[in-house]
Peer 1: 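Please see the structure below; I have some questions.
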Amino acid sequence: MLIGYPGNYGVIVGARGFYRATITVHGIGGHSGGRQAGSQNAILKAARLVQSLAAATLPSPTSTTFPLSPSLTVTRIAGGESFSTIPDRCELKVDMRLTPDFDAAAARDLLRATVNDNDAAHPAAPPTSVRESESWPPYHLPPRAPIVQAMLDAAHTHHKPDIEPVVCGPSNVGNYFAAHGIDATCGFGVTYENLHAPNERIKLNTIQMTSDVYSTAIHSLLASEATPPNA
């Protein structure tokens with residue numbers, strides 16, 4: 001599978017995976033103007049959890065072929081109803097990017113350990129719940145995979161002679177294919193600017209080069225399939 005995502009700084013042969021979860025932090029509600037003891041503001045409890053997650057230690061890459069580090073990002077926080085109500089729940093969404101050194105099991109363990117530590121600091125409040133949403137594993141094609149060689153040879157011919165295989169940070173459908181045993185490059189395409197942003201655009205003069213690269217790579221792969229093993 002050859003996926004033509006834009007950009008031509010390299011032939012992309014792998015990507016970080018992801019692990020996503022929704023965290024519901026529970027507190028004890030009350031009136032913001034009341035004198036009652038025992039209220040536990042879920043937003044404050046969630047804020048401390050966010051700080052702990054941001055400070056979490058993630059492993060450094062150990063391979064030169066996959067030089068990217070994992071990441072952890074809190075992408076949403078929502079809680080509270082009105083000015084006078086102490087919130088009893090606050091919801092977080094967490095996106096963690098996976099690498100060969102930090103897989104879904106490691107992400108799950110880190111998240112649950114951090115949540116448990118935060119709950120232990122707030123023993124009067126109900127425990128936090130974690131709901132896993134979705135996960136795709138990281139992947140990296142071997143350098144000698146036929147589609148990697150075909151794309152590199154074609155890119156050397158039509159683009160740059162020193163272009164190399166690289167891995168990218170964002171997950172993509174290539175991860176999905178890899179999880180099902182289907183080799184996929186996940187990036188070589190037109191030159192672009194402002195991807196997924198205002199004034200997103202491409203350079204029209206790179207369309208022909210991109211077409212030539214894929215045409216040459218596909219013809220090479222078809223020719224190799226048609227050649228008998230002992231030819």
Side-chain angles (χ1 to χ4, degrees), residues 1-22 58-76 93-108 111 132-155 158-160 163-203 206-207 209-218 220-221:
M1 180 68 67
L2 305 176
I3 305 169
Y5 288 124
N8 43 57
Y9 60 91
V11 173
I12 301 180
V13 298
R16 292 189 298 186
F18 65 80
Y19 173 88
R20 292 169 179 158
T22 299
L58 301 173
S60 299
T62 59
S63 170
T64 56
T65 59
F66 205 108
L68 302 179
S69 298
S71 67
L72 189 161
T73 307
V74 177
T75 57
R76 183 175 187 269
K93 290 189 181 298
V94 176
D95 179 282
M96 304 174 77
R97 295 295 160 150
L98 309 178
T99 70
D101 299 304
F102 187 76
D103 61 9
R108 184 182 300 111
L111 191 60
E132 296 184 7
S133 300
E134 191 177 12
S135 183
W136 284 359
Y139 88 101
H140 180 251
L141 297 179
R144 305 191 72 83
I147 61 171
V148 174
Q149 289 300 310
M151 282 296 294
L152 283 174
D153 290 344
H158 299 290
H159 184 42
K160 294 180 179 179
I163 199 165
E164 296 183 348
V166 296
V167 295
C168 65
S171 306
N172 56 76
V173 72
N175 296 76
Y176 176 82
F177 285 124
H180 290 80
I182 301 171
D183 285 354
T185 60
C186 61
F188 183 90
V190 294
T191 301
Y192 67 90
E193 295 178 2
N194 303 326
L195 186 66
H196 300 332
N199 298 318
E200 182 175 16
R201 57 189 178 268
I202 68 168
K203 292 189 175 181
T206 61
I207 294 176
M209 176 275 295
T210 303
S211 176
D212 290 341
V213 168
Y214 279 98
S215 177
T216 298
I218 290 169
S220 173
L221 289 167

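Every value quoted in this text rests on a predicted model; they were computed, and no experiment measured them. Values below: every heavy atom of this structure, side chains too, minus hydrogens, waters and symmetry copies.
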Peer 1: Distance check, rounded to the nearest 0.5 Å: Asn8 atom CG versus Ile163 atom CD1?
Peer 2: 6.5 Å
Peer 1: Which atom names give the shortest non-hydrogen contact between Cys186 and Tyr5, and what distance separates them?
Peer 2: O-CD1, 3.1 Å
Peer 1: Quick one: CG on Asp212 to NE2 on His159, what's the gap to the nearest 0.5 Å?
Peer 2: 12.5 Å
Peer 1: Look up atom CG in Asn194 and atom CD in Glu200, then write down how far apart they are to the nearest 0.5 Å.
Peer 2: 8.0 Å
Peer 1: Which atoms form the tightest heavy-atom contact between Pro100 and Pro138, and what is the distance?
Peer 2: N-CG, 3.9 Å
Peer 1: Measure across Leu68 and Pro61 and return the closest heavy-atom pair with its distance rounded to 0.1 Å.
Peer 2: O-CB, 3.7 Å
Peer 1: Report the distance from atom CD1 of Ile218 to atom CD1 of Ile147, rounding to the nearest 0.5 Å.
Peer 2: 11.0 Å
Peer 1: Judged by atom type as modelled, is there a donor-acceptor pair below 3.5 Å linking the side chain of Thr73 to the main-chain atoms of Thr75?
Peer 2: no
Peer 1: Would you say that Pro165 contacts Leu152 through its side chain, given a criterion of any heavy-atom pair below 4.5 Å between the two side chains?
Peer 2: yes
Peer 1: Please give me the minimum heavy-atom distance between Phe102 and Ala107, naming the atom from each residue.
Peer 2: CZ-CA, 3.5 Å
Peer 1: With a 4.0 Å cut-off on N to O distance, would you call Arg97 and Asp95 a salt bridge?
Peer 2: yes
Peer 1: May I ask you to decide if Pro143's main-chain N or O and Gln149's side chain share a donor-acceptor pair within less than 3.5 Å?
Peer 2: yes
Peer 1: Would you name the heavy atoms of Leu58 and Pro70 that are closest together and state the gap between them?
Peer 2: CD1-O, 3.6 Å
Peer 1: Just do the side-chain contact (heavy atoms from CB on, under 4.5 Å) check on Met151 and Val213 with the steps written out, would you?
Peer 2: CA-CA 7 Å; Met151 282 296 294; Val213 168; 3.9 Å; yes
Peer 1: So does Arg16 get a backbone contact from the side chain of Asn175, meaning a donor-acceptor N/O pair under 3.5 Å?
Peer 2: yes
Peer 1: Any donor-acceptor pair under 3.5 Å linking the side chain of Thr206 with the backbone of Thr191?
Peer 2: yes
Peer 1: If you look at every heavy atom in Val11 and Ala155, which pair is closest and at what distance?
Peer 2: CG2-CB, 4.3 Å
Peer 1: What's the spacing between Tyr139 OH and Leu98 CG if we round to 0.5 Å?
Peer 2: 14.5 Å
Peer 1: Walk me through whether Ser63 and Thr65 qualify under side chain to side chain donor-acceptor pair (under 3.5 Å).
Peer 2: CA-CA 5 Å; Ser63 170; Thr65 59; 2.7 Å; yes
Peer 1: Once you measure the plane-to-plane angle for Trp136 and Phe18, does it fall in the parallel (<30°), tilted (30-60°) or perpendicular (>60°) bin?
Peer 2: tilted
Peer 1: To the nearest 0.5 angstrom, please state how far the CZ atom of Phe177 sits from the CG atom of Asn172.
Peer 2: 10.0 Å
Peer 1: Does some side-chain heavy atom of Ile202 sit less than 4.5 Å from a side-chain heavy atom of Pro6?
Peer 2: no
